[in-house]
Trainee: 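One structure follows; several queries about it will come next.
Quick note on labels: first sequence line is chain A, next is B, and so on, each numbered from 1. Model, not experiment: these values are computed from the prediction.
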2 protein chains.
Amino acid sequence: MATDSAERLRAAGLKVTAPRRAVLAALTGHGHLDAETVFERVRGELPTTSLQAVYGVLSALTGAGLLRRIEPAGSAALYESRTGDNHHHLVCTKCHTVADVDCVVGEPPCLEPTDAGGFAIHTAEVTFWGLCETCRSEPAA
Amino acid sequence: MATDSAERLRAAGLKVTAPRRAVLAALTGHGHLDAETVFERVRGELPTTSLQAVYGVLSALTGAGLLRRIEPAGSAALYESRTGDNHHHLVCTKCHTVADVDCVVGEPPCLEPTDAGGFAIHTAEVTFWGLCETCRSEPAA
DNA sequence: CGAGTTGTTTTGATTCATTCAAAACAACTT
DNA sequence: AAGTTGTTTTGAATGAATCAAAACAACTCG
């Protein structure tokens, strides 16, 4: 699996470095993390890594298509390892947890505005806002 | 029209002040502006207004439903005067211009995810990304 | 209409996420 | 094994937004 990270980096035309493998490992199959959280996880096994390196890696991997970056209103930028399918997101209004949702209508980009106003659209980004299961079952604060 | 701003503020249960009327006037029918731009416009006719006051006013008016706040990825928060209809937005990938689009499918909130993953959804926010007419017709930089 | 209360604006500082830049360093090439 | 290219470290800076206390203005009530 550590090898797997290396493969994926190489396949994307990127140099294989320890911080890059650690960032990729930290994000693979682990939801939606901000730079700070990725940094903490990476530090666990690679204590010399700097926060700026994490920013650099996140940016490189996002540019290479290995990560996807989302910026829900009110949150710092979040990164996820699920890419290439333009899926959408559910964000909890209370705890800001993020969950994935599959594309709403058929194929990506899923949606067509009735009037594109002269724009040449290439992506439709959908964010659903609501209360997650946990927050729903909690006593109203 | 200056009177109109006052009416709308009063109707929303807010105190009527010069900065509030100026902010409301600056945004009414004028697209999508960030706090800094609103500040500049307000300064034009009310030179003693501070940026912090503008932030305070924007926050108060947004809370009262007189303004809507959007945060497209990569931009500062933008405010618009069109509220209550949960319309969507087109954002130019090149110049970051924002345009409105009417609701995509029928009534707000317009969309239902196929699987809500336990979330109690109350809003669907859609952002379309593409090139605006102006940027399309410009020579590829 | 004038005093009091409540809430707003000003002033000034602070936080947080992110980016920039130069030097030290490591990965891949040949 | 050496060189080139690109990455990471170190340190500083930026931009957007928020916080807090004091000065001030709007609305209420007598």
Trainee: Could you tell me whether Ala77(A) contacts a base, only the sugar-phosphate backbone, or nothing, with contacts defined as non-hydrogen atoms closer than 4.0 Å?
Mentor: sugar-phosphate
Trainee: Closest approach to the side chain of Tyr55(B), judged atom by atom: which nucleotide of dT8(D), dA17(D), dT18(C) is it?
Mentor: dA17(D)
Trainee: Between dA17(D), dA17(C), dT9(C), which one does the side chain of Ala35(B) approach most closely?
Mentor: dA17(D)
Trainee: Between Asp34(A) (CG) and dT19(C) (P), how many Å, whole number?
Mentor: 13 Å
Trainee: Taking protein heavy atoms under 4.0 Å as touching, what does nucleotides 24-30 of chain C look like 5' to 3' if B marks base contact, S marks sugar-phosphate-only contact and - marks none?
Mentor: ---BS--
Trainee: Would Leu24(A) and Leu67(A) satisfy side-chain contact (heavy atoms from CB on, under 4.5 Å), going step by step from the backbone distance to the final call?
Mentor: CA-CA 8 Å; Leu24(A) 204 46; Leu67(A) 294 179; 4.2 Å; yes
Trainee: Taking His87(B)'s backbone N and O only, do any of them form a donor-acceptor pair with Arg68(B)'s side chain (distance below 3.5 Å, no angle check)?
Mentor: yes
Trainee: Answer yes or no: is there a donor N or O on one side and an acceptor on the other, between the side chain of Arg136(A) and the main chain of Gly118(B), under 3.5 Å?
Mentor: yes
Trainee: Tell me the interatomic distance from Leu78(B), atom CG, to dG15(D), atom C1', rounded to whole angstroms.
Mentor: 15 Å
Trainee: To the nearest angstrom, how far is Glu40(A) atom CD from dA17(C) atom C1'?
Mentor: 14 Å
Trainee: Arg21(B) has an atom CZ; how far is it from atom C1' of dA26(D), in whole Å?
Mentor: 11 Å
Trainee: I'd like to know whether Leu58(A) forms a side-chain contact (heavy atoms from CB on, under 4.5 Å) with Arg69(A), so could you lay out the CA-CA distance, the side-chain angles of the two residues, the decisive distance to 0.1 Å, and finally the verdict.
Mentor: CA-CA 9 Å; Leu58(A) 290 171; Arg69(A) 175 186 173 134; over 6 Å; no
Trainee: Reading nucleotides 11-16 of chain C from the 5' end, what letters show protein touch, with B for base, S for backbone sugar-phosphate only, - for no heavy atom under 4.0 Å?
Mentor: BBB---
Trainee: So among Val101(B), Val91(B), Leu90(B), which one has a side chain to side chain contact (heavy atoms under 4.5 Å, CB included) with Ile121(A)?
Mentor: Leu90(B)
Trainee: Do side-chain atoms of Ser81(A) reach the backbone of Leu27(A) as a donor and acceptor pair under 3.5 angstrom?
Mentor: yes
